[in-house]
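Residue numbers start from 1 in every chain, and the chains themselves are labelled A, B, ... in the order their sequence lines are given, proteins ahead of strands.
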Number of protein chains: 2
Amino acid sequence: MSKIQHRSLYLEVADRVRELIEQGDLAPGERISEKQLCERFGVSRTPLREALKVLASEGLIELLPNRGARVMRLTLKMVKDTYDLMGALEGLSGELACQNISDEGIKAIRALHDEMLRHYRDRNLPDYFQVNQKIHEGILAASANEVLQEMYSNLSQRVKRVRYSKKMTDDYWRRAVQDHEHMIIALEARDGKRLGQILRDHLCNKLEVASLAGVIEDEHALNAVNA
Amino acid sequence: MSKIQHRSLYLEVADRVRELIEQGDLAPGERISEKQLCERFGVSRTPLREALKVLASEGLIELLPNRGARVMRLTLKMVKDTYDLMGALEGLSGELACQNISDEGIKAIRALHDEMLRHYRDRNLPDYFQVNQKIHEGILAASANEVLQEMYSNLSQRVKRVRYSKKMTDDYWRRAVQDHEHMIIALEARDGKRLGQILRDHLCNKLEVASLAGVIEDEHALNAVNA
DNA sequence: AGAAGATATTATGAATTCAAAATTCAACTA
DNA sequence: TAGTTGAATTTTGAATTCATAATATCTTCT
C-alpha cells in the first residue's frame, strides 16, 4: 500500500504551476490561460483557480480582476528588497542556531564548510554553490523556528527564477569564503550575535543582486509591456 | 458613481473571515462550517472556499483534507517564533529607515516619540501603546521596502488575536521607554546599524511573549482537543 | 483605407450540481 | 450495557453550468 492520504488537487496544481514558473516555462509577465493549464493538467477550472489564488498570495503571480492571471514580473527593486529581507532572516537564523544547535549539528556544518573549502581550492563553482547552500539551509534548520523557515522558503521561491547568472569574480569569491570562515568560528563558539551579524552582512546576497542588475527588466521595460 | 472597480468576492470574504478570527468570533481550533459562513455572507461556496485557501496560505487557518477548515491554534512556541521573526524584521526596517527616511520623516517620528513620553509620564497605557505602535509603523514605512512591510503585516495578523493581555510592570515599562530613547537618538543620527540592533533587542516583544505564557493554551491542552 | 461602433466570441467570476469522503446515529451483538 | 457494524445524513472536493465582463471581429461610415 502506498498513498493512504491523497493530497488536495489544488495543492498538486499549485506545485506544478510553481515548477512551470521556476523553470521559465511560464515567462514573467506572461498571461496564464486557465483553459490551457486545465487541459495540460487534466483538471477542471475549480482547483486550478484555487491554486492561482494561493500562488497570488505567495507573490508568485498577480491576479487582475476580470483579466486573468500573469506571472509576477520581478523588478530590480523587488529583488533587492527581497534579498535584504532574506539577509535579515538568515541573521536571525544564525542567532537562533547558536542557541539551539547540537554539538553534532555543529560538526555537520563544519564538515560541509571543509567540503566547501575544498571546492573553493579546486575552483569548482557548481559544487561550491551547492555545498554553500547546504550550509545556509543547515543553519536555517538549526534555528528550530518553523515560521522563519516557512517565510524564508517563500521569499526564496519568489526570486528563484533569477538565480542563475553567477558571474562570480575572484575577489568576491575570496571574500565570500572569508565570511564563511568567520561564520564557522562564530558558530563553533556559539556566538549568536556575531554569527547573526556576519550572516546579515554576508556579501553573497549583495553580490547576487549586483550581478542581476543586467538580467532583470527594469521599470521602463516593464511599463512598455504593460501598456 | 461610487465603485468603479468591484473587488473580487473571494477577497471580500477573506477580509471578513480575517475579522471574525481577529475579533474572536471564530475561536482558535474551532471548526469552520462552509455552509454556515456561506449563509452568513450570502455567497456561494466557491468564493468562500477560495478565500479559505488564501487564509490557509497566510497561516491563519488550517485545511484538513476532507475534514474542513479550522482556525489555526497558536501554541506558545509559535508565538515566540513569530515574535522573534518580527523583531528581526523590525531591526531591518530600522537599518533601512535610516538610509531612506527624509528629515521631515525623522521630525514626525520625533513628534510621536515626544507624545509617547507624555503618555508615559501620565501613565496613560492605552494611548502610550497606540502611539508606540505608530512609531514602529512609521519606521517600517520609512524602510521603503514593500516586501518587508507585506511580510510584517502577515506575521502581525497571525498573532493579533492574542495581543490584549498587557500586564505591563513598571520596570518593564521604564525599560521600554529607555529603549525608545536610544532608538530616537540612533534615528536622528541616522545610525542604521545601531537602530537595527536596538529594535531587534527591543524588549517589547519579549515582554509580550512573557505575559502571554498564561493566556495561550499549551501543547497539552492542544493535544487534548485534537484527539 | 482607416476609424468608430456594433456584434460575436472568448475568458473570467460565481453558483450549482454531482461525486466521494466523513460523520452521525440507530440497530444489533456479545 | 458497552461496543461494533452499517445505513442515512452531512460535508467536503471537484466538475459543470450560467452570467457577465473583456476581447476580437466585422460592419459601416467618413
Rounding to a whole Å, what distance do you find between B/Leu9:CG and D/dA21:P? 14 Å
Residues A/Gln133 and A/Glu137: side-chain donor-acceptor under 3.5 angstrom: yes
State plainly whether the residues A/Asp103 and A/Arg190 are in salt-bridge range, i.e. N to O under 4.0 Å. yes
Nucleotide D/dT10, atom P - distance to CD of B/Glu39 in whole Å: 13 Å
Over 60° means perpendicular and under 30° means parallel, so classify the ring planes of B/His202 and B/His136, tilted if in between. parallel
Please state whether the base of D/dA15 and the side chain of A/Thr46 form at least one donor-acceptor pair under 3.5 Å? yes
Rounding to a whole Å, what distance do you find between A/Arg45:CZ and C/dA15:C1'? 12 Å
Rounded interatomic separation in angstrom, taking CG from A/Leu48 and P from C/dG13: 11 Å
Considering only heavy atoms and no angle criterion, is a donor-acceptor pair shorter than 3.5 Å present between the side chain of A/Arg67 and the base of C/dG13? no
Between atom CZ in B/Arg49 and atom P in C/dG13, what is the gap in whole Å? 18 Å
What verdict does the side chain to side chain contact (heavy atoms under 4.5 Å, CB included) test give for B/Val147 and B/Tyr152, after you've listed the backbone C-alpha separation in whole Å, the side-chain angles of each residue and the deciding distance to 0.1 Å? CA-CA 9 Å; B/Val147 190; B/Tyr152 190 90; over 6 Å; no
Looking across every strand, which nucleic acid part, if any, lies under 4.0 Å from B/Ile32 by heavy atom: base, sugar-phosphate, or nothing? sugar-phosphate
Length of the line joining B/Arg7:CZ and C/dG13:C1', which is rounded to integer Å: 15 Å
Contact nearer the 5' end of DNA chain C, comparing B/Ser44 with B/Arg31: B/Ser44
Interatomic distance, B/Glu12 CD vs C/dG13 P [rounded to whole Å]: 15 Å
Among D/dT12, C/dT12, C/dA11, the one nearest any side-chain atom of A/Lys35 is C/dA11
